[in-house]
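Along the sequence shown, the residues carry numbers beginning at 1.
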Amino acid sequence: MYPSRMNILSYLTIFLYFLKFVKSDNFPFKFEHVRILDKIALDEFRSSANVRAVYYFKRDMARLRTFMKEYDKSAEFLEVYGVKFGVFDCRSQLEEEVCGTEMAEHNIYTYRQGATLLQLELQTMFDVNSIMSNILQLVLLREVPILQRREEREDFEYRSRGVRDIIFTFQKAIGTYEHRIFMEVAYAYSDNFQFAVSTSKQSLQNFDDMTTDDSVIWLLQCKDSQKVDPCPKIRYYGYMDLASLAQFVRALTFPKQFDIPSEGTTSPYAYTDNLNVIYMYYKADSRKTVMEFAEKLVMKYRGVYGIVTIDIENAEPPYPFNGETPAVGILIEGEVSSIFLEGEVTEANIFQFISKTAEEFNSVMVSDDIGDPSGSADGQDGQSVAGGEPSPFDESEILAVETQDDQVAEAVFRARRTEMDLTLVPKLTDKTFSNTVQHKDLLFILFYLPFDDKSMAFLRLYGDASRQLEFDRRNPLARVDCHDWTDVCARENVTIYPTLRIYRNGEKLRNYKGMLDTQNVVNTVKLLNHTDIIDLSSVSDIQTFLLGKLPSGMEIASDSMVLGLFESQHKKEMDIFRKVGKEMEDRIMFGVNKDGKGTSIAKEQFDTTLPAVIVVRQTDHVTPHTVYTGDFNSAQLEKFITEARIPRMPELTVKMFPDLYRQKKPFVISFLDDQEMSQKVKDTLSSIVKSEQFTEVIFCWIRATADDFGTKILKKYNPEGSTPAVALVNLVLGEVFNYDQVTFGSEELVSWIQGSLQGKSSPNTKLPQGDWKPLKEGYNFLAMMDWEMKNQKKVGHSRDAAEEYGIGFDEEGNEVKRSYEIKDDMSPTRSKSAFEEDQVRHELLALKKSRLYHHSGGRKKNHEEEGSDSSRVDEVKVTEDQVKVTGQDIPSHGQERHEEL
């Protein structure tokens, strides 16, 4: 008896529900604060009025588990801001459109009210700090704009004049701890101040005190500024932690100066911890002078010192003094009594007194663009003194050294999302190394370090080379990780990484010196498969060789070949030819005929007699061969072959440039596009090359279409130039001569080249002098360590684990649980820094919520409304500049220092 249709539907529903349960139960990650979404929940999630973040899971990837832990921890912190995180399992719900996107698994997608905001790359989301700062920047797109140009910042200042003060920060990158705490403070105080971020020094061009590459924060005092000049600024020199920055901004909300005119009135600073207070006592006759001093102190020390003025004829002085006015005293936070200025109260003495007192109490110094009237070094250079011996090391220079751009490192970092194919490249150990070398007639071994970027870049290409050689039964490629097997690398005397060494029959043959790319390695292996120069025993063999093939019919691996034609009596010449052939066997193919059978070929095809050495270039359509005319000398012959194997008018590429530059000759470069005129110019120059009138220069051409690399070089040489164009470039002298005639006739070009070489005309452009070396020199880290050990007890502050690694990590960078731990005394303990930061964070959020309640007209908002501040933000439009919050267009120190997920 068959079941009814209704029963079938019921069974199917139960089965699908069970399948859904099983698949969700098999999800490889467990979360406490991240929500696992099905299709229905996903649509609701993305439609929220608050920011929502979703990761679309397609497969388990390297280091994804680490990311998921950071993702879950970030969800806990960001939930109080109204932000929630989700994960959608694409494996069982392929109908979701995003799941079919190729790069979906490498991004976090963010939404608000059903609209996609930004895609944040996983490689910029490496820890809690980077996730929180990026998401908070997204939440506050309107409140905290990103200003990358000076014009943007100046316009922002202009619009803020008479309205609000600006708290402006330069961050070395989006996604750092410093950026995160700035955004958390901005969230709480965006009603009081206008906040803005920059990661480009271009926006700081008229900031005289911008002498560091580290994160910096300024207060731009625009509210009371009506002048055309830039808003007066105060630079924050406090510690870069959440509590210190929150305290600074909170102090900015207090009155700039508080005057106590009558007995019984106390200043707002009396109930504030962690804030120094300057007291200025006056009587009627000194009131004007004191108020002028107070105004200048406010402009310099606002947020760092509270400024209190007291009319002692109407109010009781809070701290005793000698009775003479005017008088100036400082109450350092944590102290019970004030320190008073001894001597005459002048503007210069006041500033000097404050600087000296701050130094003695390890207090924070500040600097601004007003200048220190005292003329003291403290006010001029803005350096803070933490007590003890001042550091001889410039922290900004140290940071600059450590964060220099490294394009190889960036390329390696971005490539890590694609797994290397090293299946055919065995990893040798101390036990397998010697045996492998002894039993291979040809073996390439790559010695590398896993944390060296050049090593890892080449290792990937080395793996690709192994695939092209997978049908070579000898399996000629292997590798040694010198981080794991230091003894093997030391025994082999490997001191440079990466080193690719070639072994033959158990003996070291040579180090590979070619380009570090796949095809060059493959070609070198194929060339070394032949243990001797190819013997061409007949005219037919010689003709086959000239066509780029071996007598066996195999293709020759190199683009050029060296043909030696000799008579049997030419023993000396043949010995030299063989010696050079052995030296260059890994770079170019050599073939030889020893019994005179090549006489007719030498005469008819190359117009020469025996003994003859001819370099044949298969890809050179201008002059496909060159005959050696020098003496039979090893050094001269090798030099000839090295230069002659290069085409006479090649395309200038990255791979070709080193061989050309090594000759130290001027370049004649033609910039060509795909139009007919460019082809005519190329043909004209080819005819000049064939005439061999200019053997002292290198002719080459470069493709210059649209906005490619060739066009950029042309614009560097000639800003007004257009294709086709010709330039004579002497890279040794840094001189560029641009051909400026309308027509490109042979006579005109020859005359122009001759005139440029003979100095009859002046160069159109001078290239800047520069060296191919790091922009910043290294620093003596051993001396720095010695100084830190000597002064460690005198230093007032050092970054704790929460600052260095983010909340949830200990001093060694190891993850710790956030739950309370019960020790033997049964008292709950927790990381002090994490606990303090949580307290500050909740105080900031409480402050924000109280303001939201105030703005709501008495109506109590729900949790999410409070967190999102949706009463003031109706809609967020993501502009092109704001997309930079992803970090994709902003160089990130964090990206350079963390492995990709």
Side-chain angles (χ1 to χ4, degrees), residues 77 80-81 136 140 143-144 160 163-169 177-197 215-224 232-258 266-279 297-308 330-335 358 363-366 368 384 797 802-803 833 835-855 866-867 869:
F77 289 122
V80 294
Y81 295 96
L136 284 174
L140 298 174
E143 290 86 348
V144 188
S160 298
V163 182
R164 283 199 289 182
D165 291 332
I166 301 171
I167 299 179
F168 177 68
T169 183
Y177 172 81
E178 290 83 0
H179 177 238
R180 165 188 161 183
I181 63 171
F182 181 84
M183 296 306 300
E184 291 190 81
V185 173
Y187 184 86
Y189 285 98
S190 56
D191 288 322
N192 300 82
F193 303 97
Q194 179 64 65
F195 290 79
V197 175
S215 301
V216 187
I217 298 172
W218 291 272
L219 169 69
L220 305 182
Q221 304 184 78
C222 298
K223 185 175 182 179
D224 296 328
K233 62 183 183 294
I234 296 176
R235 179 169 171 175
Y236 171 67
Y237 271 100
Y239 305 134
M240 283 292 183
D241 60 71
L242 184 59
S244 300
L245 182 58
Q247 168 62 32
F248 172 72
V249 177
R250 178 173 176 244
L252 295 176
T253 65
F254 296 153
K256 295 181 181 179
Q257 171 201 341
F258 190 80
T266 57
S267 74
Y269 312 116
Y271 308 104
T272 303
D273 296 328
N274 304 319
L275 184 68
N276 303 329
V277 181
I278 299 174
Y279 290 94
L297 289 174
V298 166
M299 295 300 291
K300 185 176 180 67
Y301 293 121
R302 184 182 169 198
V304 180
Y305 290 89
I307 311 297
V308 177
I330 300 178
L331 177 65
I332 299 294
E333 57 95 5
E335 299 295 318
S363 192
V364 177
M365 294 301 298
V366 296
D368 63 11
S384 60
H797 175 75
E803 291 181 56
S833 58
F835 181 73
E836 287 181 343
E837 287 222 346
D838 275 356
Q839 281 188 317
V840 174
R841 183 173 295 106
H842 287 295
E843 288 173 5
L844 292 174
L845 290 167
L847 179 66
K848 183 69 172 178
K849 291 175 183 178
S850 68
R851 293 198 181 113
L852 289 172
Y853 178 82
H854 175 74
H855 291 314
E866 292 171 353
D869 197 8

Interatomic distance, CD1@I181 vs CE@M240, rounded to 0.5 Å, equals 6.5 Å
For G303 and F248, the nearest pair of non-hydrogen atoms, with its separation, is O-CD1, 3.4 Å
Between R164 and S190, the two heavy atoms sitting closest are NH1-O, 2.6 Å
* To do: Kindly assign one of parallel, tilted or perpendicular to the pair Y189 and F193, based on the angle between their ring planes and the thresholds 30° and 60°.
  => tilted
CZ of F77 to CZ of R180, rounded to nearest 0.5 Å, is 6.0 Å
Validation row: Y81, E184 side chains within 4.5 angstrom (heavy atoms): yes
d(I332 CD1, Y305 OH) to nearest 0.5 Å is 5.0 Å
Applying side chain to side chain contact (heavy atoms under 4.5 Å, CB included) to A196 and not counting sequence neighbours gives P145, L147, F156, F168
_Heavy-atom side-chain proximity of K256 to D224 below 4.5 angstrom_ = yes
Taking every heavy atom of A186 against every heavy atom of V144, the minimum-distance pair comes out as CB-CG2, 3.9 Å
Between the CG atom in L245 and the OH atom in Y236, the distance rounded to the nearest 0.5 Å is 5.5 Å
The side chain to side chain donor-acceptor pair (under 3.5 Å) partners of S160 (sequence neighbours excluded) come to none
When rounded to the nearest 0.5 Å, the distance separating CD of E178 from CG of D241 is 10.0 Å
Applying side chain to side chain contact (heavy atoms under 4.5 Å, CB included) to T169 and not counting sequence neighbours gives Q171, F182, V197, I217
CG of D191 to OG1 of T253, rounded to nearest 0.5 Å, is 12.0 Å
Heavy-atom closest pair (A188 atom, L844 atom, distance to 0.1 Å) is CB-O, 3.5 Å
- Does some side-chain heavy atom of L219 sit less than 4.5 Å from a side-chain heavy atom of L252? yes
Nearest heavy-atom approach of V298 to Q257 is CG2-CB, 4.1 Å
In short, V163 meets K223 closest at the heavy-atom pair O-CG, 3.6 Å
* Asked: Does the side chain of I167 reach to within under 4.5 Å of the side chain of V185, using non-hydrogen atoms?
  -> no
